[in-house]
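A quick write-up on the structure given underneath.
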Amino acid sequence: MSAAPEPSPAASPAEPVHVSRNYLNASYTVRSWLLTVDHKRIAILYLLGVTLFFFLGGAAAVLFRLELMTPQADLVESETYNKLFTLHGIIMIFFFLVPAIPAVLGNFLVPIMIGARDLAFPKLNLMSWYLFMIGGVFTLWVTVAGGVDTGWTFYTPYSSTYSNTYVMATAVGIFITGFSSILTGLNFVVTVHKMRAPGMTWFRLPLFIWSHYATSLIMILGTPVLAITILLVALERGLGIGIFDPKLGGDPILFQHLFWFYSHPAVYIMVLPAMGVQSELVAAFSKNRVFGYRFVAYASIAIAVLGFLVWGHHMFVSGQSLFAGMVFSILSFLIAIPSAIKVFNWTATLHRGTVAFDTPLLYAIGFIGLFTIGGLTGLFLATMAVDVHVHDTYFVVAHFHYIMVGGTVMAYLGGIHYWWPKITGRLYPEGWARFSAVLVFVGFNLTFFPQFLLGYLGMPRRYHVYDAGFQVLNVMSSAGASILGVAYLFPMCYLLWSLKYGRSAPANPWGAVGLEWTTPSPPPTYNFVETPIVTWEAYEYPGSNPAEVAD
Amino acid sequence: MSTPAATPLKSPIDRPAVAHHFDDWQQQYDACVLGMWVFLVTEVMFFGGLFTAYMVYRSTYPHAFAAASQSLDVLWGTVNTFILLTSSLTMALGVRAAHLGQSRRAAQFLGLTMLLGAAFLGVKFYEYAHKYHEGLAPLLGLPFAYAGPDAGARKIFLGLYFGMTGVHALHMIIGVVLLGCFAVPAWLNRLGPGGALKIEIAGLYWHFVDLVWIVLFPLLYLIDRSAHV
Ligand SMILES: [Cu+2]
């Protein structure tokens, strides 16, 4: 434990020719990108895809935030408004938040962090990108050209019988994309089980890997249930088989059970990878072992398991029995514990470390603050009596945006900045990056904190006309959204700029530990010149907390 | 025995073919088999949604479901169960032949498995047609022959019957095509090293689809069949 491990002789003297060869300049043809089986190139393809969807989903938000500046309907009609928030929800959840961290950062880093040459099934990995893009572009086309007005939740019987919008076509797009999620999860699980480098035991894995493993379990167990739910809606809408429509003898609540059985765990598909990024950032910028490594690792698994047992908290007012409501309420309280463990442990890691306030850490600190607010307001909603009051109001909207935007997007941006030098071999301008990180934080809070107040005062979600008394808070929220929009555009500009003008990045610009920093930036096609042999614990920084357990 | 004398008895399909990103054959073998098992877990969850819907309505309308299940033909259901169980046997024999490097033999067993699969599908579509002619196919707004007191619930039963067996039949069709993708090259001795692993993995899928039917058969045809209505 005397020195930071720099184990692998990265520039191997045996093969000097290969030093300048990396996965980016290995070949320049379009074909070599579109048919690549290199996990790093597929990660770049995903990066392009999710960025496109993020800005399109954001554009819809800009439109309805403009509409909500005034209490009357002036910019759009109610049908258009319904289609806009549906588009925003569908695109952001299924095509940005779910794939963003696993498919971009996870794809790039999972094999490198465990010392493997690629994921277990590279062709499947490429196929999952194609499924993602086909499903995504198709859904985008349907939701923009035709429109869907059910909200992203597709509640029956409105979606299965009454809505006259393009429900089925949208469902097909989401169904296809679901398979890309399943294939990614399958690939990660098999890779982590079977492809770890010699000496890379389970408890030497970076916490990024633990949280991606837990995420993959949810993808594997949850996504097929969404698929069958969509298929059942299709059977009812297409063939007239009565499953959910009470007119046909079906039960609309069954849809809600099936839908939330996927969609609550899906929140953890979005948040667990963010927690993994968070652990890496906190350790790297406090030069410290993550406090209570094993607790954080087990907390990821606990979240994945408990996440499947709380879906009923979405249905407190849907006619669920009081007993079921109480059970789901208690379980929802329980799941706050592993999340809280993580927050405490990150804070403790920072507390004992030597902290450097670089851009990734600014995002990480933002994450801790926003995720804590999002998590605590989740407890309000898990309390049945409070939930009855704020159900279907802006309180809920604010809560899940604190988790999914304040949590996931902050961690995603932090991770993109942290690994950008590794991915591209370039450094970005630090001043601009810090400025935008702060701007994101300010814009985010100004957008969403007023929505807690609006919801508590009783403004229902999904309406474009509201009581004039709510206008001030709505204008604040819209103003914040415009700041947030600009703050999201900055990184896109300077990161693109850095590709051409940024300084070249060394192999390890942050002085961080972890296998990804032992290989050149950008890495060679097979990640390592020779397979690393791991003889150290995770986050073994000099002078950091000792490992709790030496295996 | 039936292998033509001209073709070699042994082919390299049982030999390893290590892909670039694996360290050795054992790692690759384990990874591929685990991958298929994980995929089958997703399939369990997929069918799980259907079974949940079935259980909910079975417990909501127990009598109507028992009565409606009598309109299914238990004889053809039994025949199909027998066909599928036999196909699992031929599949297992095919995997064994492949691991012994007997490419043509494996192809024969795969072909037999495909034939049995096709027979199953034939019986299934015969049953579907029969239901259609009886007016017991509550699909696409077709007229429903039964107009008794719990016609709605019976419709749900038959709707679920078509939905569940239809999704299963779709898996069978995929399975037959999948086996064809290996049977033809195996017969032509073109499968090459690593072929036995591919056949084994296809076999896992086949056994799984078989197993789903083993659950569907009692759920739809047998439970409470003798209960008087
Ligand atoms: Cu939930």
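Each chain gets a letter, A, B and so on, in the order its sequence line appears, and its residues count up from 1.
- If you take CG on A/Asp118 and NE2 on A/His39, they are separated by 5.0 Å, rounding to the nearest 0.5 Å.
- A donor atom on one side chain and an acceptor atom on the other are not found under 3.5 Å apart for A/His193 and B/Asp30.
- B/Leu160 touches chain A through backbone and side chain together, each having a heavy atom under 4.5 Å away.
- Proximity of B/Thr81 to B/Leu85: side-chain heavy atoms (C-beta onward) are separated by under 4.5 Å at one or more points.
- Between B/Val74 and B/Tyr221, the closest heavy-atom pair is CA-CD2, 4.0 Å.
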Report the C-alpha separation of A/Trp260 and A/Phe328 in whole Å, then their side-chain angles, then the decisive distance to 0.1 Å, and conclude whether the ring pair (Phe, Tyr, Trp, His ring centres under 6.0 Å) test is met. CA-CA 12 Å; A/Trp260 289 113; A/Phe328 280 122; over 10 Å; no

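- Contacts of A/Leu248 with chain B are made by backbone atoms alone, with heavy-atom separations under 4.5 Å and no side-chain atom involved.
- Only the side chain of B/Val56 comes within less than 4.5 Å of a heavy atom in chain A; its backbone stays farther off.
- Interface residue A/Leu231: only side-chain heavy atoms are found under 4.5 Å from chain B.
- Of the listed residues A/Ile241, A/Ile228, A/Leu232, the one with more heavy-atom pairs under 4.5 angstrom with chain B than any other is A/Ile228.
- Of the possible polar contacts, one joining the B/Tyr205 side chain to the B/His171 backbone as a donor-acceptor pair under 3.5 Å is found.
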Output, in order, the C-alpha distance, side-chain angles, deciding distance and verdict of ring pair (Phe, Tyr, Trp, His ring centres under 6.0 Å) for A/Tyr23 and A/Phe108. CA-CA 11 Å; A/Tyr23 82 101; A/Phe108 195 94; 5.7 Å; yes

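- In the model, B/Glu200 has a side-chain atom that pairs as donor or acceptor with a side-chain atom of B/His99 under 3.5 Å.
- Between A/Tyr213 and A/Phe188, a ring centre-to-centre spacing not shorter than 6.0 Å is recorded.
- Only the side chain of A/Leu235 comes within contact range of chain B, with at least one heavy atom under 4.5 Å from a heavy atom of that chain.
- Heavy-atom pairs under 4.5 Å with chain B were tallied for A/Val37, A/Leu254, A/Thr191; the largest tally goes to A/Leu254.
- Both the backbone and the side chain of A/Asp251 come within less than 4.5 Å of a heavy atom in chain B.
- Within the 4.5 angstrom heavy-atom criterion, only side-chain atoms of B/Tyr57, from C-beta onward, approach chain A.
- The two residues A/Thr177 and A/Phe94 make their nearest non-hydrogen contact at CG2-O, 4.1 Å.
- Using a 4.5 Å cut-off between heavy atoms, B/Ala153 makes no contact with chain A at all.
- Per-residue counts of heavy-atom pairs under 4.5 Å with chain A were compared for B/Gln28, B/His20, B/Lys155; the largest is that of B/His20.
- Of the two parts of B/Val167, only the side chain, counted from C-beta on, holds a non-hydrogen atom closer than 4.5 Å to a non-hydrogen atom of chain A.
- Only the side chain of A/Ile182 comes within less than 4.5 Å of a heavy atom in chain B; its backbone stays farther off.
- Interface summary for chain B: among A/Gly240, A/Gly250, A/Ala116, the most heavy-atom pairs under 4.5 angstrom belong to A/Gly250.
- When heavy atoms are compared at a cutoff of 4.5 Å, B/Tyr61 approaches chain A solely by way of its side chain, counted from C-beta outward.
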